[in-house]
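Structure record follows, encoded as structure tokens.
Only a predicted model underlies this, so the values are computations on that prediction, with no experimental measurement involved. Residue numbers begin at 1 in each chain, while the letters A, B, ... track the order of the sequences.
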There are 2 protein chains.
Amino acid sequence: MDPEKNHEINIKQSEDRFRENLLPSLSVNTVLFSYHQERLNVLLLKFGDTGYFMLPGGFIRRDEDVDEAALRNLKELTALENIYLEQFYVAGNAERSTDPVVVEFLKKQGYEKISSWLSQRNVSICYLALVNEKKVKPELNVQFISRYLWADVTNLPPLLFDHTTIIEKALSRLQSDMDQKLLSNNLLNEPFTMSDLQKLYEAVFQKKFTRSNFQRKMLKRDILARVGKKYEGRAHKAPYLYRFKKVKAS
Amino acid sequence: MDPEKNHEINIKQSEDRFRENLLPSLSVNTVLFSYHQERLNVLLLKFGDTGYFMLPGGFIRRDEDVDEAALRNLKELTALENIYLEQFYVAGNAERSTDPVVVEFLKKQGYEKISSWLSQRNVSICYLALVNEKKVKPELNVQFISRYLWADVTNLPPLLFDHTTIIEKALSRLQSDMDQKLLSNNLLNEPFTMSDLQKLYEAVFQKKFTRSNFQRKMLKRDILARVGKKYEGRAHKAPYLYRFKKVKAS
DNA sequence: ACAAAAGTGTTAGTTCTACACCCATGA
DNA sequence: TCATGGGTGTAGAACTAACACTTTTGT
């Protein structure tokens with residue numbers, strides 16, 4: 001990259017920030033969970049060539065709800081809409097806004113101003129969302145972001161700021177959510193088998209469930225509809241295929 | 001009150017706000033629960049002579065954690081320390097910062113500037129705390145606050161902004177907390193009887209529990225220590241007195 | 001000895017857990 | 001007809017909820 005050009009871009013972004021009337025000191029971060037090849041993943045963005053990653057995030061406009069800002073941010077980033085979003089945590093530590101890796105990286109490249117700007121005190125309101133990895137095309141037109149990664153939650157790369165903590169909190173919230181109110185919508189391709197659903201739960205809870213009891217528990221919830229059987233040409237009983245029943249808006 | 005003097009105070013407060021380096025657009029609000037005479041109460045502050053009340057709240061310094069700000073705020077307001085505090089909600093609607101009652105009141109009194117200042121976009125991070133009403137001496141040296149009130153949660157007066165919603169969310173969080181992790185520390189004077197504890201639960205959950213089963217459930221949790229019996233001079237078996245067992249910091 | 005409230009017991013119903021058993025399928 | 005994975009059944013444990021019984025207390 002051309003440093004001068006980048007600098008200009010940054011100045012422009014900084015100006016945009018005020019022109020667009022964004023709330024200062026505040027941002028949203030979203031932990032985007034996906035489920036792929038029997039693993040629970042989160043979307044991360046790579047920061048320059050540092051080897052460190054960060055969560056996607058954005059700012060809040062002065063005239064929009066914080067929830068709206070999270071939805072808009074998600075849409076801008078992934079083009080997805082009507083996604084389940086939940087506010088689960090506020091990252092508000094005074095020290096969280098500065099990360100030596102970021103400071104060092106920007107200093108090396110001659111971006112002192114950007115560095116101090118990026119290190120301003122920032123409180124982040126954190127959301128979690130469940131998405132289908134295949135339907136997501138992350139937007140990478142963001143300064144210093146070199147690529148994206150769907151990272152296995154059990155094996156996260158080094159993360160900037162307090163993003164590791166945020167992901168841990170997101171996971172424990174996801175677990176209690178799946179246990180009680182919400183479903184695995186958006187994480188599984190319909191139709192799916194009971195075995196598929198169980199593997200998803202095992203990835204989320206990071207433990208095994210007893211097959212027969214898991215099945216009974218799920219069926220008793222009255223959220224699954226059988227829509228046929230799956231003949232894979234394998235030498236065993238064909239499993240039922242399921243969809244999630246339409247849930248009335250609550 | 002002398003309007004001119006109040007105006008000066010406000011200007012001063014406004015300046016203080018910047019001098020003290022407070023985060024803009026952000027505040028904390030605390031829902032202070034107490035339990036008194038078999039009722040669950042919340043601390044409210046009366047706004048002028050409007051007949052409307054509001055939750056106590058404050059701002060966040062640039063160099064302090066959001067959690068610290070909530071603790072400091074609580075201490076400044078009630079002189080209480082080492083209180084269980086939990087962040088349970090972010091009030092982030094764009095429209096929430098303006099309340100016609102507040103605007104009207106200030107306009108009538110000739111405080112247009114204050115009105116617009118108070119109506120600036122504000123996102124509030126909401127905490128709940130459990131306190132002993134008798135140990136709390138609310139600080140009333142705050143502009144426009146005429147008095148305070150411990151209001152029964154089942155019978156709230158009219159509240160400003162979205163504070164009614166915030167209290168509802170706080171209550172449902174308190175319920176799930178008492179159900180699972182935390183105890184009734186700070187809400188009951190030790191020692192207490194099982195009947196006292198049950199009445200507290202009934203005030204919080206707003207429903208009756210079966211006496212014998214409630215007792216068994218509580219005893220099974222292994223959180224209560226018997227410390228004697230209570231002889232009240234009444235013609236029945238003296239109930240055991242309990243304290244909460246010391247819990248190891250987690 | 002009585003009433004009142006506290007403490008404990010009992011019973012039936014439900015839910016959980018592990019595991020056994022049968023069923024459908026393609027080789 | 002066999003191995004494999006899927007679906008259902010079942011016995012025992014654990015937990016609930018309602019209510020009965022016993023104990024303690026001051027009158």
Side-chain angles (χ1 to χ4, degrees), chain A residues 35 37-38 175-181 183-184 188-245, chain B residues 35 37-38 175-181 183-184 188-245:
Chain A
Y35 176 68
Q37 291 176 341
E38 304 188 11
Q175 288 173 351
S176 62
D177 279 0
M178 283 187 75
D179 219 24
Q180 309 175 22
K181 38 180 194 290
L183 296 36
S184 321
L188 273 187
N189 291 317
E190 291 180 320
F192 51 87
T193 67
M194 191 58 76
S195 169
D196 294 333
L197 186 61
Q198 181 171 346
K199 279 169 190 155
L200 167 61
Y201 269 71
E202 289 175 347
V204 169
F205 286 90
Q206 291 167 209
K207 70 172 188 181
K208 295 286 176 191
F209 294 92
T210 309
R211 185 179 58 86
S212 60
N213 297 334
F214 179 83
Q215 163 133 320
R216 221 187 320 269
K217 197 163 87 180
M218 289 301 138
L219 290 179
K220 195 164 48 179
R221 287 194 183 179
D222 195 37
I223 53 172
L224 300 179
R226 286 182 172 165
V227 294
K229 287 195 164 201
K230 184 183 185 186
Y231 295 91
E232 316 170 76
R234 311 262 265 63
H236 57 74
K237 197 170 178 176
Y240 285 109
L241 288 167
Y242 296 92
R243 287 184 191 283
F244 292 110
K245 287 184 182 176
Chain B
Y35 175 68
Q37 290 177 340
E38 303 187 11
Q175 289 173 350
S176 61
D177 278 0
M178 284 187 75
D179 218 23
Q180 310 175 21
K181 38 180 193 289
L183 298 34
S184 321
L188 275 186
N189 291 318
E190 291 180 319
F192 52 86
T193 67
M194 191 59 76
S195 169
D196 294 333
L197 185 61
Q198 181 171 346
K199 280 169 190 155
L200 167 62
Y201 269 71
E202 289 174 346
V204 170
F205 286 90
Q206 292 167 209
K207 69 172 189 181
K208 294 286 176 192
F209 293 91
T210 309
R211 184 180 57 86
S212 60
N213 296 334
F214 179 82
Q215 163 133 319
R216 220 188 319 270
K217 196 163 90 180
M218 287 303 136
L219 290 179
K220 195 164 46 178
R221 286 196 184 179
D222 196 37
I223 54 172
L224 299 178
R226 286 183 171 163
V227 293
K229 288 194 164 202
K230 184 182 185 187
Y231 295 90
E232 313 172 79
R234 315 262 275 33
H236 57 75
K237 195 170 179 175
Y240 285 109
L241 288 168
Y242 296 91
R243 286 185 192 282
F244 292 110
K245 287 184 182 175

* Taking the side chain from B:Tyr35 and the backbone from B:Leu200, do they hold a donor-acceptor pair closer than 3.5 Å? -> yes
Taken in chain and number order and not counting sequence neighbours, the residues that satisfy salt bridge (Lys or Arg N to Asp or Glu O under 4.0 Å) with A:Arg243 are A:Glu190
Sequence neighbours excluded, the answer for side chain to side chain contact (heavy atoms under 4.5 Å, CB included) partners of A:Gln37 is none
Sequence neighbours excluded, the answer for side chain to side chain contact (heavy atoms under 4.5 Å, CB included) partners of B:Asn189 is B:Asn132
Whole-Å distance, B:Leu219 CG to C:dA6 C1', equals 12 Å
One should read off an interatomic distance between A:Tyr242 OH and A:Leu188 CG, to the nearest 0.5 angstrom, of 13.0 Å
Bounded by its outermost nucleotides with an atom under 4.0 Å from a heavy atom of chain A, the footprint on DNA chain D reads D:dA3 to D:dT10
Sorted by chain and number, sequence neighbours left out, salt bridge (Lys or Arg N to Asp or Glu O under 4.0 Å) with A:Lys208 holds for A:Glu202
In 5'-to-3' order, the base (B), backbone-only (S) or no-contact (-) status of each nucleotide in nucleotides 16-27 of chain C, using a 4.0 angstrom heavy-atom cut-off, is SBBB---BBBB-
For B:Arg226, the salt bridge (Lys or Arg N to Asp or Glu O under 4.0 Å) test, sequence neighbours excluded, returns none
Under a 4.0 Å heavy-atom cutoff, the residues of residues 190-199 of chain B touching DNA chain D are none
For B:Phe192, the ring pair (Phe, Tyr, Trp, His ring centres under 6.0 Å) test, sequence neighbours excluded, returns B:Phe244
Is there a donor-acceptor pair closer than 3.5 Å between any side-chain N or O of A:Asp196 and the backbone N or O of A:Thr193? yes
Value for CZ (A:Arg211) from CZ (A:Arg216), rounded to nearest 0.5 Å, stands at 10.5 Å
ring-ring contact (aromatic ring centres under 6.0 Å, His included) pairs touching residues 219-238 of chain A, sequence neighbours excluded, are none
To the nearest 10 degrees, the angle between the two end axes of the helix from C:dA1-D:dT27 to C:dA27-D:dT1 (five pairs per end) comes to 20°
Is there a side-chain contact between B:Gln215 and the phosphate of C:dA6, meaning an N or O under 4.0 Å from OP1 or OP2? no
A:Phe214 meets the side chain to side chain contact (heavy atoms under 4.5 Å, CB included) criterion, sequence neighbours left out, with A:Met194, A:Leu197, A:Gln198, A:Tyr201, A:Phe209, A:Met218
Between B:Leu241 and B:Lys229, the two heavy atoms sitting closest are CD1-O, 3.6 Å
